[in-house]
Amino acid sequence: MRLTRYFLPVTKETPADAQIVSHQLMLRAGLIRQTAAGIYAWLPLGFRVLNRIEQIVREEQDRAGAIELLMPTIQSADLWRQSGRYDAYGPEMLRFPDRKGTEMLYGPTNEEMITQIFLASVKSYRDLPRTLYHIQWKFRDEIRPRFGIMRGREFLMKDAYSFDLDEDGLKASYEAMFVAYLRTFARLGLQAVPVKAPTGPIGGDLSHEFHILAETGESAIFYDAALEDISRDELLSADAATIARLTSLYAMEEEEHAKVAECPVPAERLRSRRGIEVGHIFAFGTKYSASMGLSVQTADGTSVHPQMGSYGVGVSRLMGAIIEASHDSSGIVWPESVAPFRVGLVNMRADDAKVTSAADDIYRQLQNAGVDTLYDDRDERGGAKFAGMDLIGLPWQLIVGPRGLERGVVELKNRATGEREELSLESALARLTA
Ligand code: 5CA
C-alpha cells in the first residue's frame with residue numbers, strides 16, 4: 001500500500017481526552033475514531049489489526065472443534081423474556097421498538113438466541129456434544145464507557161456456546177475452550193493469567209476470567225507468582241494437565257481475595273497487580289436449557305436438559321490490551337502475528353528520481369513475494385517518516401536513501417529491538433520474505 005494513496009490520519013499531539021497509553025496511541029496512529037460516546041469507527045489501519053486478531057481467535061476456536069455461525073445483532077425482547085433475563089438485565093441493554101411496536105434490543109450476548117436455535121433442531125443425544133460460536137458486534141450501554149475501545153458501548157466479541165449431555169461432557173468442553181484461550185493469547189503475544197471468577201448475571205458454578213497484566217487494567221488481581229513462569233511454548237502445547245496445574249495456582253480478583261480467610265500463598269509469592277479482562281468463560285449447566293425448554297432424548301429413552309457453557313473473548317478490547325503490553329515512548333510495537341503490515345518501506349528522498357525508482361522497485365518485489373508492505377512514498381522529511389513509522393509500530397522498517405544506494409545497501413530496522421543493519425538489497429529481501 002502506498003501511503004500517498006492510503007487513509008492514515010496520524011497526529012503528533014496526544015489527545016487530551018485519552019487517559020491511557022493504548023487509547024492515546026490508537027488515536028494518534030490513526031487506528032480508530034470516536035463517532036459517539038463509547039462508539040468507534042475502525043480506520044483502515046485499525047481494521048486490519050482487528051481482522052488479524054479476529055482470525056487468530058477464529059483459528060483457535062476451529063482447532064478446538066467449535067463451529068462458526070453468525071447470529072444477528074438485533075434480538076427480540078420476547079426471546080429474553082423466556083429466560084427471565086429481559087427485566088433482570090437492566091439499563092445496560094439498549095431497547096427499542098420496531099415500526100410495528102415490537103420490542104427489540106441490540107444483543108449484549110447470545111445465550112438465549114443460541115438456545116432457541118439449538119432447540120428448533122436438536123432432539124437426540126446423538127447430536128451432542130456441540131460447541132457453536134460467532135464473532136459479532138455487541139452493545140452494552142455502559143455507565144462509564146472509557147479508555148477507548150477497552151470499555152466501549154459497541155464492541156466486537158467472540159462468544160461460544162457448548163451443549164453437552166452430562167456434567168463430564170461440560171467439563172471436557174470447558175477445558176477445550178480453556179486450552180483454546182491459552183493458545184489464542186499466546187499467539188497474540190500476550191501473557192494471560194486465568195483467574196477463578198464469580199459467575200454473576202450469566203449464572204453457573206464454574207467460571208474463569210483471563211487477565212492481561214497492565215498497570216492501566218480495570219481489575220485488581222492477586223495471584224501466585226508461579227503463574228508468571230509459564231512459558232509461551234507450554235501455553236501453545238497446553239492440555240488438561242496444564243489446566244490442572246494453572247487452575248491449582250492461586251489467582252483471585254480483589255473482591256474475592258478479600259473474602260478468603262486464609263490466603264494459601266506465602267506472602268513472598270503473592271503478587272498484587274492490575275489486569276485487563278480479555279476473556280471470560282462460564283459453565284452454567286442447565287440454566288438456559290431448563291428455563292427455555294431445551295431437552296434431548298438420551299440413549300435409554302429418558303429426556304435431559306443439556307449442560308451448557310458460554311465462552312467470551314473481547315476481540316476489540318484485545319487490541320487495547322496488546323498495545324498496553326507492547327509499546328515504547330515512540331509508539332506501538334506490534335507483535336508480528338497481528339501487525340497491520342509486516343514492513344514499512346521508507347523512501348528517504350521522494351524528490352530524487354534515482355532513489356524513487358529503486359524504492360518503487362523494492363516495493364514491487366516485496367509485493368510479488370506476498371509481503372504486506374506499507375510504502376511511505378510521500379515527499380516528506382526523513383525525520384517525520386521515521387517518527388510516523390515508529391508510531392504505527394510495524395515490525396520492520398526498510399529504509400532506502402541516496403547514500404546507501406551509492407554503496408549498494410539499504411537499512412533494515414527492527415521496531416521491537418531498535419536494531420539497525422545495513423544489508424544488500426538481496427539479503428534484506430531474503431530476510432523479509434523468509
Ligand atoms: N455471555 C458471556 C460469555 S460469551 C459474556 O458475555 N461474558 S462477558 O460479559 O464477560 O464478556 C466477554 C468479554 O467481552 C469480556 O471478557 C471482555 O473481554 C469483553 N467485553 C465485555 N464488555 C466489554 C466492553 N464494554 N467493551 C469491550 N469489551 C468488552
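Along the sequence shown, the residues carry numbers beginning at 1. Just so you know, ligand 1 is whichever comes first in the structure, and atom 1 is the first atom listed for that ligand.
Ligand 1 has I149 within reach: a non-hydrogen atom of the residue lies less than 4.0 Å from it. Within the 4.0 Å heavy-atom cutoff, M150 counts among the residues contacting ligand 1. Within the 4.0 Å heavy-atom cutoff, S310 counts among the residues contacting ligand 1.
Residue pairs that meet the side-chain hydrogen bond (donor to acceptor under 3.5 Å, both in side chains) test with at least one member in residues 260-271, sequence neighbours left out, are D224-R269.
A perpendicular orientation is assigned to the rings of Y89 and W80, their planes being inclined by more than 60° (bins at 30° and 60°). Under the 30°/60° scheme for interplanar angles, the aromatic rings of H280 and F282 are found to lie parallel. F341 and Y6 have perpendicular rings, their planes meeting at more than 60° on a 0 to 90° scale where under 30° would count as parallel.
On a distance-only criterion, E142 and ligand 1 share at least one N/O pair closer than 3.5 Å. Polar contact with ligand 1: present for E111 (N/O pair, distance under 3.5 Å).
When non-hydrogen atoms are compared, ligand 1 lies under 4.0 Å from the backbone of E277 as well as from its side chain. Contacts of N110 with ligand 1, taken as heavy-atom pairs under 4.0 Å, are absent altogether. With a 4.0 Å cut-off on non-hydrogen atoms, T109 touches ligand 1 through its side chain and not its backbone. By the criterion of a heavy-atom distance under 4.0 Å, neither the backbone nor the side chain of F210 is placed next to ligand 1.
Scanning for ring pair (Phe, Tyr, Trp, His ring centres under 6.0 Å) contacts around Y106 gives F139, with sequence neighbours left out.
Of all the listed residues (K138, R140, H280), R140 holds the heavy atom that lies closest to atom 9 (O) of ligand 1.
The aromatic ring centroids of F210 and F178 lie less than 6.0 Å from each other.
Interface atoms of ligand 1 facing G152, defined by a heavy-atom separation under 4.0 Å, are 24 (C), 25 (N), 26 (N). Those atoms of ligand 1 that come under 4.0 Å of a heavy atom in G279, given as number and element, are 16 (O). Of all the atoms in ligand 1, the ones that sit under 4.0 Å from a non-hydrogen atom of V278 are 16 (O), 18 (O).
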**OP:** Kindly indicate, with the supporting measurements, whether the criterion side chain to side chain contact (heavy atoms under 4.5 Å, CB included) is fulfilled by R317 and E277.
**Re:** CA-CA 9 Å; R317 174 178 289 183; E277 185 203 302; 3.9 Å; yes

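Between H211 and F185, every side-chain heavy-atom pair lies at or beyond the 4.5 Å cut-off.
No option in I362, T373, N347 other than I362 meets the side chain to side chain contact (heavy atoms under 4.5 Å, CB included) test with L398.
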